[in-house]
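Here the structure is laid out as structure tokens; the discussion comes afterwards.
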Amino acid sequence: MSREIPSRDLMPRVEPWPTDLMLDDLWDDPPGLIGRLQAVQNDKIGRRLIFTGFFFLLLGGSVDSIVMRLQLAIPNNDLVSPQLYNEMFTNHGSVTMFLVILPIFEGFAILMLPLILGTREMPFPRLGAFAFFTFIMGGLLYYSATLFQMVPDAGWFAYTPLSGPEFSPDLAIDFWVLGLAVAEVGAIAAAVEIIVGVLKMRAPGMSLARMPLFAWALLVTAFMILFAFTPLIVGSLLLELDRGFGTQFFNVDMGGSSLLWQHLFWIFGHPEVYIQFLPATGIASMIIPVFVKRRTVGYVAIVASMVAIGFLSFGLWAHHMFTVGLSPIVSSFFAGASMVIAIPAAIQIFAWVATIWLGRVEPATPFLFIVGFIALFVLGGITGVMVAAVPFDLQAHDSYFVVAHLHYVLVGGVGFPIFAAVYYWLPKYTGRLLNERLGRWNFWLLFIGVNVTFFPMHFVGLMGMPRRVYTYPEGLGWEVYNMISTIGVFILVAGVAVFVVNLIHSQFKGEPAGHNPWGGESLEWALPSPPLQHSWSVPPIVRTRHPLWDQDNIHAGDDDDERLVRALSQWPLRWRAGLITGVSDGQPEEVFRVAGPSIWPLVTVLGTVAVFAAELLKLRWGALIGLGVIITGVIGWNWPDEVAVTEDEEIAFESEHGIPVRVGGSIKIARWGMGLMILFVSIAFISILLSYFYLRLENTAWPPPGIGNPPLPLAVLASLGVLGGCGAIYRGLREIRTGRQGSLRRWLGVGASLGAGGSAALIVELTGLTFSSRTHAYGSIFHLLGWFVVVVGVAAVVMALLLVFWSFRTRYTERRHVPVENVALFWLAAAVMWLVGMGVLHLTPRLT
Amino acid sequence: MVPRWTWLFLAGPILWYLYFWVVYLAAEAGCVADVGLVVTWVTVVLTGLTILGIVYYAWVSLRQVDVATTSEDDGNVRSLIRAGFLLGGMFVAATVSVGIPALVMKPC
């Protein structure tokens, strides 16, 4: 392997293969309208998600900001009313934070990862389709508020009590909570897809240490989404319960706490900034080496920095709350963590600068955008460290200084890499390059526009101009800065217009891109532009971190791997085969059948939207219909379909290539999927537990005077039922591992019965309590936690019953029993949550 | 079930995050109960223990870097453990940064 970087013409490329057309046809989605609704193929889903993000950017990011800047251009302006201004800044923040950057980056992930990682698809294509439909429908549900003249106006953070039933009695905030909650579900679904895709579906030989940095960035980001969005969903649930059902979580007069909302919101809200920033760093790490023809300096340090940012970002949230009266030591904890995150961010920047310094720069448009990103992000990062200092933050809080800071970080630190990524990767899918001259105009207009718009905001903020005011009086010295910012916005608009022109120009007159227009080093550049539906007829074999620079042949490796990847190009040709590889070493572990097109993800999303819309319209029976649609959708989604090969064929392939074929479903993938689902439920559970203890600390008496301790006997009975059910399910699992289907069915039945009995006992207790969820915050959190474990228990029972049902239709064997393994794992998690939940509910009042 | 490299890779961040939550919750509860001195001591002691824990695992990582290099591994695990060592350094800094104010300021 040579260390010299070969010329572009000498880099390996994928040539036509005899089975290309058959595989392309096999992996393509069905045609027609119904086919489009059933589509699951990663390039379609990825592109749809990216378009969704840009669509909402035009709706919420652009128009609102132009009108707001026009309003602020001169003092005492009355272009828009205060109410409309409130609605605009609420919409601008909400849309850009929830509906723009997330779908764009998750779309990039689903679109690009299979190409970059050398695999044919993402692991759960139907989950990807589900994510797309939830994003678009959640966004539209949120936007439908405008049709009813009930636009949310409480800011993108919807602080209580402003967003509570007392001060926002109409449905505007319900649109905000429920519409965005649908989109949040989509974000989590796509995150699960990305985590399993990056960890389990890579080219043979692509160990973690050879994985492109973009994939590392997306992996960390996806875990962050899982950990950040779940508390927000819990917070949104609490807010909606207060608004729609009369609970008292945020009502200070009834033992609630408005600060609880701020904690639940910002434990999402601050990691959210890094959720948007990390994929941008991944893009920078992919683009810089290509345009300086130099391998990345400090690969290991960059990986460590990404992981460090992922963890540290969850210890910063209360720096948004320095002015609410936290104790000094708590403020110092968060200030310390907020400053330290500058270290891993700086490590990445130094690594990029060193790579550029040591290379030979080719300043094409993607590279220009990355250099612009570094400059702007450093500026935004430095002001970030400033506002992490408590004394400074107490002065600058809620001023335009913070607006300047966050826009440098988000427009410069996130928007610029998105433009870079479009210029860099779009030719791979359209087959045509964007115009360089227009690209430079695009870059310079945006770079100048960002600085003209946002730099003056630092000054006007330090002069005392608060954010979220619709106008200001004359004579404060703010006029000139606001006028400059408004002029800057029009420079930005011109920059975006040039970008749009360039996209159109490229479609009609763009130069052909060829396989590898930039001389890139990662796998996607070996493929034709555009690639086939399945991307790789013969999966690549990776032996280095920079395969196209360091390998003469990307299909050459050790004998076993070579035989396997060639075999996969010829068999199977009747079902979609994906290759599972080891998490760490990237060695082949399984061949499994990737799910095909299906209408059920759309049905499930329609059910989800129906549940949320029913709450919006206060048609509670509608939620039951929606729930029924969801259950139908999930069952249809997972309905076992015909197995295209026999077990003998599977075993024959296994004996020839040394890895199993799982046509009935991959054990490893399913385990990861179920593990992440359990993680999601557990994070929700922990968020509720922390809310419980937070409210406990806010109240001197727990339970409050007049309410007795909760009764123990039914709780003990309920817990014993669920524990016994879990034991029975595991006994059934042991039976099927030795091939006894009859015994499996019997034990599943026992488990479901015991679980149902336990759940029923807890329901009896909850419905017979002397206090309701409206009585006091204690009652609210008691009922919420109690009903949460009931739902988890009932879900476990339903899963067990479905297994019993399916066991009559399909044959589980010692090789094919993935669903049983998954359900048993869920039962275990349910039993643990049940015990902890019961312990907290019934012992805390007695012990504290 | 979880390979050893995972722990060596993530020990620093995980220990720090556990530490962060414990000192934060202890401070919230301690200030409500008006036991500021306890908050200070809990923070200082846990800061010291966490630093020791992270340094220990960083040291183990350093020793494992050579051991982990085998012909089959091709440096993969070694790179991950090196990343773990770097993470250890970063999270010692994070622990010091979070915990040190407890020595000089009134907690509640």
Side-chain angles (χ1 to χ4, degrees), chain A residues 205-211 216 227 263 298-312 314-318 326-341 343-344 347 390 543-545 558 582-587 686 690 693-694 696-700 848, chain B residues 2-6 9-10 12-17 19-21 23-33 36 39-40 42-43 47 72-108:
Chain A
M206 186 185 277
S207 60
L208 284 180
R210 289 174 184 158
M211 200 164 76
W216 267 109
F227 279 89
H263 280 292
Y299 174 95
V300 170
I302 291 177
V303 169
S305 299
M306 287 173 174
V307 174
I309 287 173
F311 276 87
L312 286 168
F314 283 89
L316 319 179
W317 78 88
L326 301 173
S327 61
I329 198 163
V330 167
S331 293
S332 77
F333 293 158
F334 286 96
S338 304
M339 290 181 184
V340 163
I341 203 164
I343 295 175
I347 286 173
V390 180
R543 287 174 287 140
T544 137
R545 209 172 269 166
D558 70 40
V583 170
S584 163
D585 58 12
Q587 288 308 309
I686 291 168
L690 288 171
F693 285 112
Y694 192 84
R696 169 69 193 92
L697 287 176
E698 295 283 299
N699 286 272
T700 48
T848 63
Chain B
V2 178
R4 183 173 163 76
W5 65 263
T6 313
F9 180 41
L10 293 174
I14 289 173
L15 286 175
W16 176 82
Y17 201 58
Y19 153 80
F20 186 85
W21 268 99
V23 293
Y24 164 61
L25 292 175
E28 287 278 12
C31 286
V32 168
V39 172
T40 299
V42 166
T43 307
T47 301
E72 290 123 38
D73 178 64
D74 257 350
N76 176 47
V77 171
R78 186 176 57 166
S79 296
L80 295 172
I81 294 176
R82 274 178 57 208
F85 177 72
L86 291 175
L87 280 166
M90 280 188 231
F91 280 91
V92 166
T95 310
V96 170
S97 174
V98 168
I100 212 86
L103 290 173
V104 294
M105 69 192 297
K106 203 176 161 190
C108 303

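First the proteins, then the strands, lettered A, B, ... as listed; each starts at 1.
Of all the heavy atoms in A:G336 and B:V98, the pair that sits closest is C-CG2, 4.5 Å. Of all heavy-atom pairs spanning B:M105 and A:S332, the tightest one is SD-CB, 3.7 Å. Among all heavy-atom pairs drawn from B:A83 and A:A304, the shortest one is O-CB, 3.7 Å.
Among the candidates A:A337, A:A318, A:G205, A:G586, the residue making the largest number of heavy-atom pairs closer than 4.5 Å to chain B is A:A337. Ranking A:L312, A:V307, A:V330 against chain B, the residue ahead of the rest is A:L312, based on heavy-atom pairs under 4.5 Å. The candidate from A:V303, A:V340, A:I343 with the greatest count of non-hydrogen atom pairs under 4.5 Å with chain B is A:V340. Interface check for chain A: of the options B:V32, B:T40, B:V39, B:V23, the most heavy-atom pairs under 4.5 Å are formed by B:V23.
In this structure, the separation between CZ on A:R545 and OG on B:S79 is 5.0 Å, given to the nearest 0.5 Å. Once rounded to the nearest 0.5 Å, the distance linking CG of A:L208 with OG1 of B:T6 reads 9.0 Å. Here OH of A:Y299 is found 11.5 Å from CZ of B:R82. Values are rounded to the nearest 0.5 Å.
Judged by distance alone, the side chain of A:S327 and the main-chain N or O of B:C108 form no donor-acceptor pair under 3.5 Å. The backbone N or O of A:F314 sits less than 3.5 Å from a side-chain atom of B:Y17, completing a donor-acceptor pair. Proximity of a side-chain donor or acceptor of B:N76 to a complementary backbone N or O of A:A209 within less than 3.5 Å is detected.
When heavy atoms are compared at a cutoff of 4.5 Å, B:T43 approaches chain A solely by way of its side chain, counted from C-beta outward. Looking at A:L690, the atoms closer than 4.5 Å to chain B (heavy atoms on both sides) all sit in the side chain, from C-beta outward. Contacts of A:V300 with chain B are made by both backbone and side-chain atoms, with heavy-atom separations under 4.5 Å. Looking at A:I347, the atoms closer than 4.5 Å to chain B (heavy atoms on both sides) all sit in the side chain, from C-beta outward. Neither the backbone nor the side chain of B:I100 comes within less than 4.5 Å of any heavy atom in chain A. Heavy-atom distances place the side chain of B:F9, and not its backbone, under 4.5 Å from chain A.
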* Audit row: B:L25, A:F693, side-chain contact (heavy atoms from CB on, under 4.5 Å) steps and yes/no -> CA-CA 10 Å; B:L25 292 175; A:F693 285 112; over 6 Å; no

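Put simply, the side chain of B:L10 reaches to within 4.5 Å of the side chain of A:F311, judged on heavy atoms. The side-chain heavy atoms of B:M90 and A:S305, taken from C-beta on, include a pair separated by under 4.5 Å. A:S584 has its side chain within reach of B:V77: a pair of non-hydrogen atoms, C-beta onward, lies under 4.5 Å apart.
Looking at residues two or more places apart in sequence or on another chain, you find a side-chain hydrogen bond (donor to acceptor under 3.5 Å, both in side chains) between A:S338 and A:H319.
For A:F334 and B:F20, the ring centers are positioned less than 6.0 Å apart.
Using cut-offs of 30° and 60° for the angle between ring planes, the A:H263 and B:Y24 rings count as tilted.
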